[in-house]
Each structure stands twice: as C-alpha cells, then as structure tokens.
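Note that the structure is predicted; figures quoted are calculated from it, not measured. Residue numbers begin at 1 in each chain, while the letters A, B, ... track the order of the sequences.
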There are 2 protein chains.
Amino acid sequence: MGKNESASVNRRMEIISAAIEVFAETGYYRATTMQVAKRAGISQPYIFRFFSTKEELLLVALEASWQRIADSFRQVIATASPTRLEQELIETYEEIMNAYRSEMLLQMQAQTIQEEPIRMAMQSGFRDIRRIVLEAFQKNGVPDSEERTKLFIARGMLCNISMALGLPELMEG
Amino acid sequence: MGKNESASVNRRMEIISAAIEVFAETGYYRATTMQVAKRAGISQPYIFRFFSTKEELLLVALEASWQRIADSFRQVIATASPTRLEQELIETYEEIMNAYRSEMLLQMQAQTIQEEPIRMAMQSGFRDIRRIVLEAFQKNGVPDSEERTKLFIARGMLCNISMALGLPELMEG
DNA sequence: TGTGAGTGATTGATCAATAACTAATTTATA
DNA sequence: TATAAATTAGTTATTGATCAATCACTCACA
C-alpha cells in the first residue's frame with residue numbers, strides 16, 4: 001500500500017468497469033470471465049487476483065452502481081431549491097441512465113438473482129435510495145412524502161424498463 | 001391430432017410450467033434443461049421433441065405469462081364498474097403475483113435479455129397490456145388516461161421488484 | 001534476491017443438443 | 001379375428017463446447 005496502491009486500485013476499477021459492461025450486454029450468468037478480461041485488456045486468470053469469485057465481482061459492481069446514484073442524489077438534494085427538488089432528481093436519474101446505461105441494466109438483472117449476498121446488496125441499495133429521497137422530500141415540506149417517494153421510484157423503474165426494451169411509449173408524458 | 005392431441009398438449013404445458021418455475025428460481029441462463037425435465041418428470045432430451053431450443057421454450061413460457069395477464073385484465077374490464085375499474089385491476093394484478101409468482105419473476109428476467117426474439121416478445125407483451133388498460137380508462141372516462149396508465153404500470157413494476165427482493169416497504173401505502 | 005504484476009496451460013465440471021434405440025398402442029389388412 | 005405395420009411416447013448414451021478457477025511459471029526492477 002502507500003503511494004503505490006494506485007496502480008492496483010486502478011486495475012481493480014478497470015476490471016469492475018469491464019464487468020459492468022460485459023454483464024449488462026450478455027447477462028451475468030452467460031457472460032464469461034474471459035470476456036471481462038478481454039474488455040479490461042488483461043488475462044482471464046488475473047481477474048481472480050482481485051476478486052475471489054465471479055459472484056464477488058458482481059457484488060462489487062452492483063455496490064458501485066448504487067453508490068453512483070446515492071452520491072448524485074445527495075448532491076442534488078444539497079443544492080436544489082425545494083420547488084425544483086423532485087424535477088431535478090428526475091433529470092439526474094435520466095442523466096445517469098444515459099451515461100451509465102450498463103449499470104442500470106446490471107441492477108435490473110440483479111433484481112431477480114436469488115443468491116443471498118446479491119439480494120442483500122440490492123435490498124440495501126433500494127433502501128438507501130428510498131431513505132435519501134424520502135428524507136429530502138420531508139425536509140422540503142413535500143406533502144404526502146411517502147406516496148411521492150414511492151411514485152418517484154416506481155417511475156424510475158418504468159424508465160429502466162422502457163430503456164432496456166427500447167419502448168419509449170411506456171414513458172410518454 | 002383429434003381427440004388424442006390432449007396427451008401431447010398436456011405434456012407440452014407441463015414442460016412450460018416446469019420451465020417457468022425452474023427459470024424463475026435459478027435464472028434462465030443458469031437453469032439447465034435437465035432441471036426442467038426433472039421438474040416435469042421426463043427425461044432431458046424429451047424436451048427437445050416439443051421445443052427445438054432452450055430459447056424457444058423461454059419464448060413460449062413468456063408468451064403464456066403475458067397471456068394470463070391480458071386475459072385476466074380483459075375479464076375485469078368487461079365486468080367492473082367504472083369507479084372501481086382501476087382498483088380492481090390492481091387487485092387482480094396482486095392476485096396474479098401471488099398465484100403465479102414465478103411467471104412475474106420470469107418476465108422480470110426477460111426485461112434485460114437482449115436476444116431479439118425475447119425482446120420482441122417483451123415489447124409486444126408490454127404494448128398489449130398498456131393498450132388494454134389505456135382503452136379501458138378512456139372508455140370509462142378516466143381523466144388523464146395516459147398518465148394514469150403510465151402510473152398504473154409503474155406501480156405494477158415496483159410491486160414486482162418489492163416481491164422479488166422481499167422488500168415490502170417499497171410498496172407501503 | 002525478493003517482490004509486484006502479469007501470463008499460459010490445464011482441469012474438472014457442466015450443458016444443450018443429437019442419435020440411436022425400445023416399448024406400447026393404434027390402425028390396417030388378410 | 002389374428003396379426004403385421006405404423007405411429008406415439010419415451011429412454012439411454014454420447015458428444016463437442018464451454019467455463020471458473022488453480023497452478024506454475026516469467027519478467028521487470030529496486
């Protein structure tokens with residue numbers, strides 16, 4: 001560690017980014033660690049120097065994708081005016097979807113993965129986002145905060161599906 | 001064919017039902033045709049007498065699951081009073097989710113499968129349900145039919161996620 | 001001469017799909 | 001009516017690919 005940790009930390013992040021793309025494109029179970037390695041420009045066994053199993057790689061990738069949403073939302077909440085809050089959160093989520101489509105596709109996949117560590121990560125991701133949005137609505141005096149939070153997330157999920165299937169009419173309006 | 005078609009048609013349906021369960025539990029790509037065969041009480045190769053590939057089996061299973069929703073919704077729409085329409089559709093969807101959990105989990109999985117035939121089936125499933133609900137809302141004079149349809153479907157999708165992850169607080173209210 | 005970064009070769013399992021078969025039932029015919 | 005032929009319903013055995021993960025190694029360099 002120390003000043004030289006940066007090299008391997010970067011490698012690690014490169015692998016995570018490659019994995020997110022490959023898993024999203026091909027499906028986690030069908031995607032191979034060889035495909036991830038090629039995308040990251042390294043050999044297949046080298047992945048296992050950073051992640052002990054393919055599932056651990058998925059887990060870390062998922063956590064990173066939730067972190068991105070949480071960070072972006074917190075920043076919006078810290079700066080937006082109360083009347084613009086919900087609209088700015090929506091726009092921020094749309095930007096994330098455009099810039100990090102693969103991360104959202106990976107989250108969608110993980111919604112139905114029954115392995116315990118994955119389910120726990122997804123539960124905690126959803127819970128965190130829900131709490132962040134709900135508390136922001138409440139602090140800004142949004143009426144019916146609970147219902148508004150629910151609808152905010154519901155629209156986000158429909159937005160995901162609309163993007164994944166290429167079905168824009170699902171989100172008209 | 002004729003009066004004796006029932007035997008093989010039943011076998012076919014047994015395989016589809018088994019596939020829906022196994023695919024939902026294990027994930028389509030990880031699930032094996034052997035697991036499906038065991039669940040259906042037949043040998044693994046016999047599946048390929050009815051379906052030429054594993055993907056075709058998935059396709060047929062998906063179509064059956066969309067058909068169930070469409071049929072149920074059409075029946076509700078034909079009989080419900082205009083003021084109770086949306087509420088009855090919601091209750092019907094919840095009943096389907098309880099009785100055919102696996103079918104909904106399979107649909108969720110298929111939302112991110114990029115293979116063309118699967119994407120087409122999913123697009124057409126969503127389009128059909130949207131059209132059925134929208135036309136019913138319009139005929140019953142529901143105001144803002146388009147927005148109401150969108151929110152109806154969005155809540156349904158959140159309901160799926162809440163069920164799949166075991167996270168009831170997502171649907172509170 | 002030790003260490004961090006990385007690779008090639010291999011392996012044991014696993015799977016979809018095919019081929020070649022059998023047993024039972026139905027149908028046609030002498 | 002007895003029986004041969006055809007069809008239906010199903011099986012066992014096999015194969016060619018594919019993969020995650022491990023092992024043993026190389027190379028640069030401080």
Side-chain angles (χ1 to χ4, degrees), chain A residues 1-62 106 109-110 113-115 117-118, chain B residues 1-62 106 109-110 113-115 117-118:
Chain A
M1 294 298 181
K3 69 179 165 190
N4 280 341
E5 76 177 336
S6 60
S8 65
V9 165
N10 284 346
R11 262 297 181 236
R12 200 183 145 86
M13 292 201 303
E14 283 165 20
I15 296 172
I16 295 171
S17 298
I20 288 171
E21 288 179 20
V22 170
F23 290 171
E25 287 166 19
T26 316
Y28 168 68
Y29 287 119
R30 208 182 27 156
T32 71
T33 54
M34 183 54 143
Q35 290 174 291
V36 174
K38 278 229 172 83
R39 185 78 54 112
I42 57 169
S43 67
Q44 179 259 336
Y46 197 41
I47 290 175
F48 294 90
R49 284 278 201 279
F50 296 85
F51 306 95
S52 63
T53 63
K54 189 186 172 190
E55 187 179 291
E56 193 197 311
L57 176 53
L58 170 63
L59 193 65
V60 171
L62 276 177
L106 186 62
Q109 281 187 43
I113 292 181
Q114 303 291 332
E115 260 66 64
I118 305 300
Chain B
M1 295 296 183
K3 69 179 169 191
N4 281 342
E5 75 177 337
S6 59
S8 65
V9 164
N10 284 346
R11 261 297 181 235
R12 201 183 144 87
M13 293 202 302
E14 283 165 21
I15 295 172
I16 295 171
S17 297
I20 288 171
E21 288 179 20
V22 171
F23 290 170
E25 287 165 19
T26 315
Y28 169 68
Y29 287 118
R30 208 181 27 156
T32 71
T33 54
M34 183 55 146
Q35 290 174 293
V36 174
K38 277 231 173 85
R39 186 78 54 111
I42 57 171
S43 67
Q44 178 260 334
Y46 196 42
I47 289 175
F48 294 89
R49 284 277 201 281
F50 296 86
F51 306 95
S52 62
T53 63
K54 190 186 171 189
E55 187 180 290
E56 192 197 311
L57 176 53
L58 170 62
L59 193 66
V60 171
L62 276 177
L106 186 61
Q109 281 187 44
I113 292 182
Q114 302 293 332
E115 261 65 66
I118 305 301

Rounded at 0.5 Å granularity, tell me how far [atom1] in [X] sits from [atom2] in [Y].
{"X": "A/Lys38", "Y": "A/Thr33", "atom1": "NZ", "atom2": "OG1", "answer": "11.0 Å"}
{"X": "B/Ile118", "Y": "B/Tyr28", "atom1": "CD1", "atom2": "OH", "answer": "6.0 Å"}
{"X": "A/Ile42", "Y": "A/Phe50", "atom1": "CD1", "atom2": "CZ", "answer": "6.5 Å"}
{"X": "B/Glu115", "Y": "B/Glu55", "atom1": "CD", "atom2": "CD", "answer": "5.5 Å"}
{"X": "B/Ser17", "Y": "B/Arg12", "atom1": "OG", "atom2": "CZ", "answer": "11.5 Å"}

Open item on the list: Applying a 4.0 Å non-hydrogen cut-off, can you work out what A/Ser43 is touching in the nucleic acid: base, sugar-phosphate, or nothing?
Closed with: base

- [ ] Give A/Ala37 one of three labels, base, sugar-phosphate or nothing, depending on what nucleic acid heavy atoms sit under 4.0 Å from its own.
- [x] nothing

Euclidean distance, atom [atom1] of residue [X] to atom [atom2] of [N] [Å, nearest integer]:
{"X": "B/Met34", "N": "D/dT14", "atom1": "CE", "atom2": "P", "value": "15 Å"}
{"X": "B/Arg30", "N": "C/dA13", "atom1": "CZ", "atom2": "C1'", "value": "15 Å"}
{"X": "B/Leu58", "N": "C/dA16", "atom1": "CG", "atom2": "P", "value": "13 Å"}
{"X": "B/Phe50", "N": "D/dT8", "atom1": "CZ", "atom2": "C1'", "value": "10 Å"}
{"X": "B/Phe51", "N": "C/dC15", "atom1": "CZ", "atom2": "C1'", "value": "19 Å"}
{"X": "B/Tyr29", "N": "C/dA16", "atom1": "OH", "atom2": "P", "value": "13 Å"}
{"X": "B/Gln35", "N": "C/dA13", "atom1": "CD", "atom2": "C1'", "value": "14 Å"}
{"X": "B/Ile47", "N": "C/dT18", "atom1": "CD1", "atom2": "C1'", "value": "14 Å"}

Open item on the list: Does a side-chain N or O of B/Tyr46 approach OP1 or OP2 of D/dG10 to a distance below 4.0 Å, or not?
Closed with: yes

Open item on the list: Check the phosphate of D/dG10 against B/Arg11, side-chain N and O only, distance under 4.0 Å to OP1 or OP2. Yes or no?
Closed with: yes

Dump every N/O contact between nucleotides 21-23 of chain D and the protein below 3.5 Å, one line per pair.
from   : atom 1 : to      : atom 2 : distance (Å)
D/dA21 : OP2    : A/Lys54 : N      : 2.9
D/dA21 : N7     : A/Gln44 : NE2    : 2.9
D/dA21 : N6     : A/Gln44 : OE1    : 3.0

Task: Side chain B/Gln109, main chain B/Phe23, donor-acceptor under 3.5 Å - done: yes

Open item on the list: Please list, in numerical order, the residues of residues 12-26 of chain A that have a heavy atom closer than 4.0 Å to any atom of DNA chain D.
Closed with: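 Nothing qualifies; none.
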
- [ ] Indicate the atoms forming the closest heavy-atom contact of A/Leu106 with A/Leu58, along with that distance.
- [x]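 Taking A/Leu106 first and A/Leu58 second, the nearest heavy atoms are CD1-CD1, 3.7 Å.
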
- [ ] Report yes or no: is the cationic atom of B/Lys54 (NZ for Lys, CZ for Arg) under 6.0 Å from the centre of the six-membered ring of B/Tyr29, at an angle within 45° of the ring normal?
- [x] no

Task: Listed partners of A/Glu14 passing salt bridge (Lys or Arg N to Asp or Glu O under 4.0 Å), at least two apart - done: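 With sequence neighbours excluded, A/Glu14 shows a salt bridge (Lys or Arg N to Asp or Glu O under 4.0 Å) to A/Arg11, given in chain and number order.
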
